[in-house]
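Structure record follows, encoded as structure tokens.
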Amino acid sequence: MATLKKGTLVQNNAGVTCRTIAFTIAKGGQLKSTSAVNIAAAILKDASIDEAKICILDIDAQANVFTSFGLDADMLPEYEDLSAAMLGYTAQDGSNVTGMAAIENTIHELYAESDKKYIHCLTANERCDLLEMTILTNLEIYPDPTTLLRDVCRELANYYTHIIIDTPPAYSLLVSNVLMIDNVEVYVPYEPETYALRSVGKTIRAFDSFATRNPSATFGGVFATKVKTQTNIHASIIGTARTFVQASKKPYLKSFIPNTIKIANSVYYEALPPLLSTKKSDQVREYFDLWEEMK
Ligand SMILES: Nc1ncnc2c1ncn2[C@@H]1O[C@H](COP(=O)(O)OP(=O)(O)OP(=O)(O)O)[C@@H](O)[C@H]1O
Ligand SMILES: [Mg+2]
């Protein structure tokens with residue numbers, strides 16, 4: 001289990017570029033958080049990658065990424081959460097702390113294998129509940145409310161090889177911010193059932209509506225989660241989803257995540273995602289397969 005510890009930021013060497021990957025769909029329980037954590041773990045365990053300096057950016061105040069490592073984001077001291085990174089804060093001496101100085105203070109270490117392979121996290125928590133309202137009621141201070149996260153990621157990209165973003169189940173200002181991040185790659189997990197298909201469609205439309213404002217964003221693909229391979233209904237809905245996604249000129253991924261309780265078990269019993277657990281890592285191959293397809 002991780003204990004609360006600040007992450008040490010190490011600047012990237014010249015020529016290293018940072019990949020930014022977001023998991024999003026405005027429906028609960030589709031495996032956004034689980035995918036964010038396990039793809040981070042799959043990148044860390046990828047033997048073909050020498051340097052995996054990963055930052056998970058959890059913009060969901062449920063803070064499930066922290067929970068997956070046995071940590072409680074609501075216990076974070078003041079100015080160590082997403083609000084502080086996005087808006088800065090006023091220090092005790094009255095000075096305004098902004099930019100990288102504010103961001104650095106919010107980075108925590110979740111897991112470290114070596115000084116070249118680690119997972120850090122910058123998370124929202126319950127203090128961020130009013131973050132969007134604060135931004136929208138202070139537009140004179142934040143004239144472009146959709147680019148605050150982009151600015152945070154521009155700083156983070158100097159220190160990380162991968163930024164993995166977990167989003168809340170909403171079409172919100174914060175998710176708009178995600179769609180404005182430089183070179184963001186958007187992935188959409190969905191559980192094969194009718195209501196989720198509607199959400200996949202809406203997420204594609206949301207992405208397309210930002211395409212002219214942020215031409216650097218790419219749509220990585222849609223993939224099925226919690227798939228019950230024995231049921232005809234799932235196979236049928238997956239077929240419909242694939243046809244719909246491809247008709248929308250978006251990639252539909254071959255990889256899928258089967259329905260299993262192993263992930264919840266691992267988080268509950270070990271406070272670690274299963275890919276990072278020595279006992280369980282061989283039980284969840286599917287995230288390695290998904291990562292191979294995302295590479
Ligand atoms: N392969 C799996 N099969 C079935 N359930 C799973 C699987 N992996 C994770 N779960 C469970 O599914 C639930 C939802 O997963 P998760 O929290 O990742 O979804 P989410 O899309 O992030 O939800 P939210 O929108 O609320 O943030 C969790 O309780 C998780 O433990
Ligand atoms: Mg989640």
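Being a predicted model, the structure only gives us computed values, none of them experimental. Just follow the structure's listing: the first ligand is 1, and inside any ligand the first atom is 1.
Taking a cut-off of under 4.0 Å to the non-hydrogen atoms of Asp60, the atoms of ligand 1 that pass are 27 (O). Listed by number with element, the atoms of ligand 1 under 4.0 angstrom from any heavy atom of Lys32 are 18 (O), 19 (O), 20 (P), 21 (O), 22 (O), 24 (P), 25 (O). Close approach to Gln62 involves these atoms of ligand 1, each under 4.0 Å from a residue heavy atom: 24 (P), 26 (O), 27 (O). Every atom of ligand 1 is numbered from 1 in the order shown, and the set under 4.0 Å from a heavy atom of Lys27 is 25 (O).
Below 30°, between 30° and 60°, or above 60°: for Tyr252 and Tyr190 the angle between ring planes is above 60°, a perpendicular geometry.
With distances taken over non-hydrogen atoms, the option nearest atom 14 (C) of ligand 1 out of Pro258, Ala36, Gly29 is Gly29. Ranked by closest heavy atom to atom 21 (O) of ligand 1, the top entry among Gln30, Glu191, Lys226, Lys228 is Gln30.
Note on Leu122: it clusters hydrophobically with Leu87, by side-chain heavy-atom contacts below 4.5 Å among ILVMFWY residues. Under a hydrophobic clustering in which Ile, Leu, Val, Met, Phe, Trp and Tyr are joined whenever their side-chain heavy atoms come within less than 4.5 Å, directly or via other members, Ile165 and Leu174 fall into the same cluster. Linking ILVMFWY residues whenever their side-chain heavy atoms come closer than 4.5 Å, directly or via other members, leaves Phe66 and Met86 in distinct clusters.
A centroid separation of less than 6.0 Å is found between the aromatic rings of Tyr79 and Tyr89.
Contacts between Ile257 and ligand 1 below 4.0 angstrom, taking non-hydrogen atoms only, involve the side chain exclusively. Within the 4.0 Å heavy-atom criterion, neither part of Ser35 lies near ligand 1.
Among the backbone and side-chain atoms of Ser33, an N/O/S atom is found under 2.8 Å from the Mg ion (ligand 2).
Checked by distance only, ligand 1 and Tyr287 stay at 3.5 Å or farther apart across all their nitrogen or oxygen atoms.
The cationic atom of Lys53 (NZ for Lys, CZ for Arg) does not lie both less than 6.0 Å from the six-membered ring centre of Tyr160 and within 45° of the ring axis.
Salt-bridge check for Lys27 with Glu193: passed, with a basic side-chain N closer than 4.0 Å to an acidic carboxylate O.
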